[in-house]
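Just so we're clear, the structure is a prediction, and the values are computed from it rather than from any experiment. When reading the values below, keep in mind they use all heavy atoms of this one structure, side chains included, and skip hydrogens, waters and symmetry mates. Chain letters run A, B, ... following the sequence lines, proteins first, then strands; residues in each count from 1.
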2 protein chains.
Amino acid sequence: MAISNSNNRFSSKLTSQCQNCSLSALCLPIALADEDVNRLDQIIERKRPLKKGELLFHQGEEFDSVFAVRTGTLKTFNITNSGEEQITGFYCPSELVGLSGIDENHYPVSAKALETTTVCEIPFSHLEQLSSQIPSLKHQLFRLMSRKICDDQQMMVLLGKKNADEKVASFLLNLSHRFKKRGYSATAFRLSMSRGEIGNYLGLAVETVSRVMTRFQKNGLIDVDGKEISIIDMAEMEKLVGASSECANIEHV
Amino acid sequence: MAISNSNNRFSSKLTSQCQNCSLSALCLPIALADEDVNRLDQIIERKRPLKKGELLFHQGEEFDSVFAVRTGTLKTFNITNSGEEQITGFYCPSELVGLSGIDENHYPVSAKALETTTVCEIPFSHLEQLSSQIPSLKHQLFRLMSRKICDDQQMMVLLGKKNADEKVASFLLNLSHRFKKRGYSATAFRLSMSRGEIGNYLGLAVETVSRVMTRFQKNGLIDVDGKEISIIDMAEMEKLVGASSECANIEHV
DNA sequence: CTCAACAATTGATCTATATCAGCAAGCTAA
DNA sequence: TTAGCTTGCTGATATAGATCAATTGTTGAG
């Protein structure tokens with residue numbers, strides 16, 4: 001089954017899609033020579049879009065690929081023994097999902113589309129092989145995984161030490177940075193996740209998320225209109241986040 | 001100073017220390033052919049022991065090596081803007097510290113010895129080079145980083161969703177597993193960190209850690225004598241941890 | 001051995017956030 | 001259109017765990 005399916009792996013032979021992709025400066029191809037981008041391009045499968053709510057992979061499934069988000073958003077989550085969902089991350093365009101599956105050869109989480117979402121599937125065994133031949137690709141992979149470790153540790157600090165205000169502010173600014181990096185507005189954007197999902201991710205009750213956002217709006221920090229967010233007072237928001245966004249800070253040095 | 005000191009980089013030429021190391025089955029050399037272990041061995045520096053409280057590297061310092069703990073224990077931590085310490089991890093023998101520095105080429109955390117500790121320094125540029133020549137070493141590195149991502153995400157679940165009892169139980173069982181893996185008792189061990197450090201790590205006040213442990217003891221779950229811990233009722237402890245230790249579970253499949 | 005500094009425990013409050021409950025506004029399907 | 005869901009907001013109350021404070025135990029320097 002995987003065999004017949006994998007024919008479209010070669011559909012990219014005609015032209016390098018990676019080179020035309022607006023995300024290539026952020027995704028894996030960063031700092032690759034043209035010919036290397038082509039080689040990477042050859043191993044990538046473009047999948048049909050996922051509709052909102054569809055799973056990209058599910059917890060326990062055998063690992064064989066990592067995925068780069070092209071459009072849309074994904075969330076990854078665990079189902080705990082008690083049956084509740086615990087969201088471990090949101091993934092925006094240019095970001096890589098599935099790296100946590102390498103170790104045990106099974107995905108330890110599920111990945112679900114929050115809206116219509118397209119991804120590039122990158123079979124990991126091919127990627128690993130190719131990375132032997134292209135040192136800068138290998139380095140890029142190490143860097144991406146290292147950044148993920150760094151980011152997750154910042155998230156641990158957030159969950160362990162921050163109060164509700166700081167959590168919500170951190171979350172919004174984090175999204176803001178990610179939009180900015182892709183060339184979108186850092187101050188006005190649309191949340192693709194529900195309040196419930198934000199709360200779940202931040203370790204807060206839905207009601208708390210709602211209350212904090214309302215208060216932020218009252219105090220002129222942000223403007224909220226359903227899923228549309230505008231950051232009005234960026235300086236004050238940054239002050240709220242304040243402590244310990246080390247990974248981000250170092251980037252600015 | 002670092003120069004004169006680094007002469008001992010070559011002390012390993014005489015014989016492969018990795019091959020004699022009791023941790024080689026857990027550390028990087030896992031699944032390497034003998035000749036490859038020797039090549040790895042050549043790039044490793046054995047450093048003088050760190051005394052309790054000494055820093056291995058500090059937040060912001062330029063990244064050039066990862067470190068494998070040989071004996072003792074390390075903690076990694078951030079200093080937040082408000083000046084408080086936030087512990088992001090504890091490292092036991094055979095575990096690798098410093099991977100989070102790859103991305104930005106600076107360590108985003110500090111690493112401090114909790115007791116007298118010896119480490120193997122592995123210059124990352126050498127390791128990366130070597131990994132090009134030894135595919136299984138490269139794979140091992142990917143796996144280690146993937147596992148770290150997986151572990152950190154479990155920690156996020158712990159911090160976001162668990163109550164004090166579950167946090168402390170998870171922490172103790174996690175240590176138990178790590179001791180067991182190295183061939184030590186899974187039920188009786190010594191904590192190398194203070195109650196304050198445990199609380200800091202788990203997002204709890206010292207007092208709460210103390211109270212939970214006392215209650216666990218009263219209820220016959222564990223036996224506490226200062227830093228010495230015995231797990232009496234492993235089944236009940238595991239029930240407490242219960243939900244969502246996915247990475248660990250998959251390992252048992 | 002002794003004193004000082006620090007680490008751990010225990011008890012008494014306080015508080016941030018969860019939980020419970022009710023309501024309003026959209027959205028979907030018939 | 002209306003009934004039935006879902007999502008978000010807000011108020012009232014409950015509670016887990018923080019904070020404050022006092023006591024005891026431990027460690028290590030001289």
Would you mind reading off the distance between [X] atom [atom1] and [N] atom [atom2], rounded to a whole angstrom?
X        : N      : atom1 : atom2 : value
B:Leu159 : D:dA16 : CG    : P     : 19 Å
B:Asp225 : D:dT24 : CG    : P     : 20 Å
B:Lys227 : D:dT26 : NZ    : C1'   : 11 Å
B:Asp165 : D:dT15 : CG    : P     : 16 Å
A:Glu228 : D:dG8  : CD    : C1'   : 15 Å
A:Asn163 : D:dG17 : CG    : P     : 17 Å
B:Lys161 : C:dT17 : NZ    : P     : 15 Å

Point to revise | Least distance between heavy atoms, B:Ser65 atom then B:Glu121 atom | key: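 Distance-wise, the nearest heavy atoms are OG-OE2, 2.6 Å.
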Exercise for review: Mind listing the closest non-hydrogen atom pair of A:Ser100 and A:Val109 along with its distance?
Suggested key: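 Reported closest heavy-atom pair: OG-CG2, 4.4 Å.
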Review point. Is B:Lys227 paired with B:Glu115 through a side-chain N to carboxylate O contact shorter than 4.0 Å?
Key: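 B:Lys227 and B:Glu115: not salt-bridged.
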Practice item. Flag the pair B:Glu85 and B:Lys112 as a salt bridge only when some basic side-chain nitrogen lies within less than 4.0 angstrom of an acidic carboxylate oxygen. Key: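 Result for this pair is no, no salt bridge flagged.
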Review point. Between A:Tyr184 and A:Phe179, how do the two ring planes meet: parallel, tilted or perpendicular, split at 30° and 60°?
Key: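 Answer is perpendicular, since the angle exceeds 60°.
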Practice item. Fit a plane to each ring of A:Phe57 and A:Tyr107, take the angle between them on a 0 to 90° scale, and name the class: parallel (under 30°), tilted (30 to 60°) or perpendicular (over 60°). Key: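 Answer is parallel, since the angle falls under 30°.
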Exercise for review: For residues 199-219 of chain A, pull every pair meeting salt bridge (Lys or Arg N to Asp or Glu O under 4.0 Å), keeping only residues two or more places apart or in separate chains.
Suggested key: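 Passing the test, one end in residues 199-219 of chain A: A:Asp165-A:Arg215.
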Review point. Listed in order of residue number, which residues of residues 191-200 of chain A have a non-hydrogen atom at under 4.0 Å from DNA chain C?
Key: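 Under 4.0 Å from DNA chain C: no residue of residues 191-200 of chain A.
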Exercise for review: Apply the side chain to side chain donor-acceptor pair (under 3.5 Å) test between A:Glu95 and each candidate in A:Arg178, A:Lys181, A:Lys148; give the one that qualifies.
Suggested key: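 That would be A:Arg178.
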Check your understanding: Where along residues 204-218 of chain A does a heavy atom fall under 4.0 Å from DNA chain D?
Key ->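 Per residue number, the list reads A:Glu207, A:Ser210, A:Arg211, A:Thr214.
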